[in-house]
Structure formats: C-alpha cells, structure tokens
Amino acid sequence: MDRATSGETNAASSDAEDDAEDDAIDVDVDTDADAAGTTIFARKEYKISAIVLDRQDVNAGEGTISFRSSGGAQYAFFVTDDNVETDVYTVVYLAVSGADAPLCYSDEHEGMVDAVKQRAEGVREERRAARGDGIRADANATIDEAEATANQKIADGQKEIDDAQAEHDANEAQLLDGMAQLEDGIAQAQAARDGQVAAAKQKVEDAVAQQFAQGRAEAQAALAALDPAAEDYATKKAEL
C-alpha cells in the first residue's frame, strides 16, 4: 500500500526521453483547491530529474489505437515521499497471488481477481466508515477543545469581572466608611464646640451672677451700717 506519491500535471511528458536536468516545475498554491480540502503535495518548485513511462498506464496515449478510453491523465509525475503532506492513503495497488499464471483477462484470471476485488471492496467500505468515524471524532475533539478553550476564556473573563466588581465594592465600602468617619468627626467637633461655647457662656453667667450677688451683699451691708446712724440722728433730732 503506497501513500499518494503521484499526481496529474501538465509538466512532464510521458514520452521516454533522456534526463532533463535543467528543467523545473513550479507547483503554485491553488487557493480554491486548498480551501476545498487538504493539500496533498508540497507547494514549491520541483526539479525534473527524469522523464519516464508509467508501466501501470496501459493506455495508448497517442495514435489511432487506444487500449482504453482516452479520458485518462495526459501527464503524470512522481515525487518522493517527503513531498507528500498528508498521511492519508488515496490509492491502493494490489497484486493477486497466483493471478500471473492464467491468461490475462481469461475467466480463470478474472475469477481470481474478482474474488480479491470483492474482499478489497469490503475492506474499502470498512475503512471508509472507519475513516469517516475518525474524521468526525477528530472534528468533535477539535470542537470540544475549542469549546473548552472558549469556556475557559469566558470563565477567566467572568473571574476578572467578578474580581473587578469585588474590588470596586471594597473601595466603595471603604469610601463610605471614610465618609461616615468624617461625618462622625464633624459631629464630634461640632458637639465639642457647642459644649465649649455653652461652658464659656455658663462661666460668664456664673461670674456675672456672683458679682451681682457680691455687689448686692455689699450694698445691703452698707445700708445696714447706715441704719444705726440714722436711728441716732433721729433720736438726737427728737431731743432737740
């Protein structure tokens, strides 16, 4: 079983000639083809090392006699395995054991080939199903990985949002606490000022009251001192 190492191109003639060491072919990128499926051959410049006849192509490419239909490839090229960029086998060539003994295309030959062909067809369908399952599994794995990555990014983004919200809430609480402390400080300062004013006012009032009481007492004492003198004056005036 060979991996795909040949393809169709218009670069190399199938006519048998000598080596063409100076010839080269550019395999350009076909964006439409690449978009439609996996690239098989490396996109680069290839050097033509020889022009050969494909022994598996039994079709007569030129002339009026054609062994098979002339709808096949006009040109074919062969590359080394390291120029193939896919690990998928696209062509299988089978050699039927013992089929080289009977006459080619005889009933015996056809029977031997058909028996193997039927088994190969069964394997092909089995491998096709397995390949489809593998592709779907790989696709689902890719989807799951992308979904997990997206969910992780969403979770990380949500965590950043939650952390930012928590930090905002903490800062807001700290600000409100600071404002409350400031208001308490203002209230305490106002209360202290009011207390000081009230104390000073009371002190003044007490001092005034004390002075008034003292002056009143002194006045009363002075009046009391005048009363004996008045009585003596009245007595002496009566004696006269």
Side-chain angles (χ1 to χ4, degrees), residues 1-106 108-139 141-142:
M1 183 179 293
D2 295 330
R3 199 166 60 178
T5 56
S6 65
E8 299 177 4
T9 182
N10 292 325
S13 172
S14 61
D15 296 332
E17 296 181 4
D18 295 334
D19 292 348
E21 297 181 354
D22 296 333
D23 292 339
I25 176 175
D26 286 327
V27 179
D28 297 328
V29 176
D30 186 344
T31 55
D32 294 335
D34 286 348
T38 304
T39 301
I40 296 177
F41 299 105
R43 305 299 188 179
K44 63 179 183 179
E45 180 179 290
Y46 289 84
K47 183 176 181 180
I48 301 175
S49 60
I51 299 176
V52 300
L53 282 174
D54 183 5
R55 65 191 181 100
Q56 296 179 355
D57 186 5
V58 297
N59 186 35
E62 297 180 356
T64 58
I65 300 177
S66 179
F67 185 77
R68 296 186 305 177
S69 172
S70 61
Q74 183 178 3
Y75 301 105
F77 67 90
F78 299 88
V79 296
T80 56
D81 189 68
D82 58 332
N83 290 301
V84 181
E85 296 186 343
T86 177
D87 59 354
V88 178
Y89 292 93
T90 58
V91 178
V92 176
Y93 296 98
L94 301 177
V96 180
S97 178
D100 55 343
L103 183 63
C104 182
Y105 297 111
S106 65
E108 183 181 2
H109 179 272
E110 290 294 323
M112 296 177 65
V113 173
D114 287 343
V116 175
K117 183 179 180 181
Q118 290 178 7
R119 293 200 304 272
E121 290 289 342
V123 173
R124 182 181 69 173
E125 294 302 322
E126 179 182 346
R127 294 310 307 159
R128 178 183 295 175
R131 175 62 177 166
D133 293 341
I135 292 175
R136 283 188 290 271
D138 291 342
T142 301

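Just so you know, these numbers use all the heavy atoms, side chains as well, and skip hydrogens, waters and symmetry mates. Fair warning: this is a prediction, and the values are worked out from it, not measured in the lab.
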Residues 128-138, side-chain donor-acceptor partners within the protein, below 3.5 Å, at least two apart:
residue	atom	partner	partner atom	Å
Arg128	NH1	Glu125	OE2	3.4
Asp133	OD1	Arg136	NH2	2.5

Is the shortest heavy-atom distance from the side chain of Tyr46 to the side chain of Phe77 under 4.5 Å? no
I'd like a table of donor-acceptor pairs (distance under 3.5 Å, sequence neighbours excluded) in which one partner is a side-chain atom from residues 113-123, with atom names and distances.
residue	atom	partner	partner atom	Å
Glu121	OE1	Arg124	NE	3.1
Glu121	OE1	Arg124	NH2	2.4

Test side chain to side chain contact (heavy atoms under 4.5 Å, CB included) applied to Ser106 - qualifying residues, sequence neighbours left out: Pro102, Leu103, Glu108, His109
Here the pair of heavy atoms bringing Glu85 nearest to Arg43 is OE2-N, 4.4 Å
Under the salt bridge (Lys or Arg N to Asp or Glu O under 4.0 Å) test, which residues partner Arg127, sequence neighbours left out? none
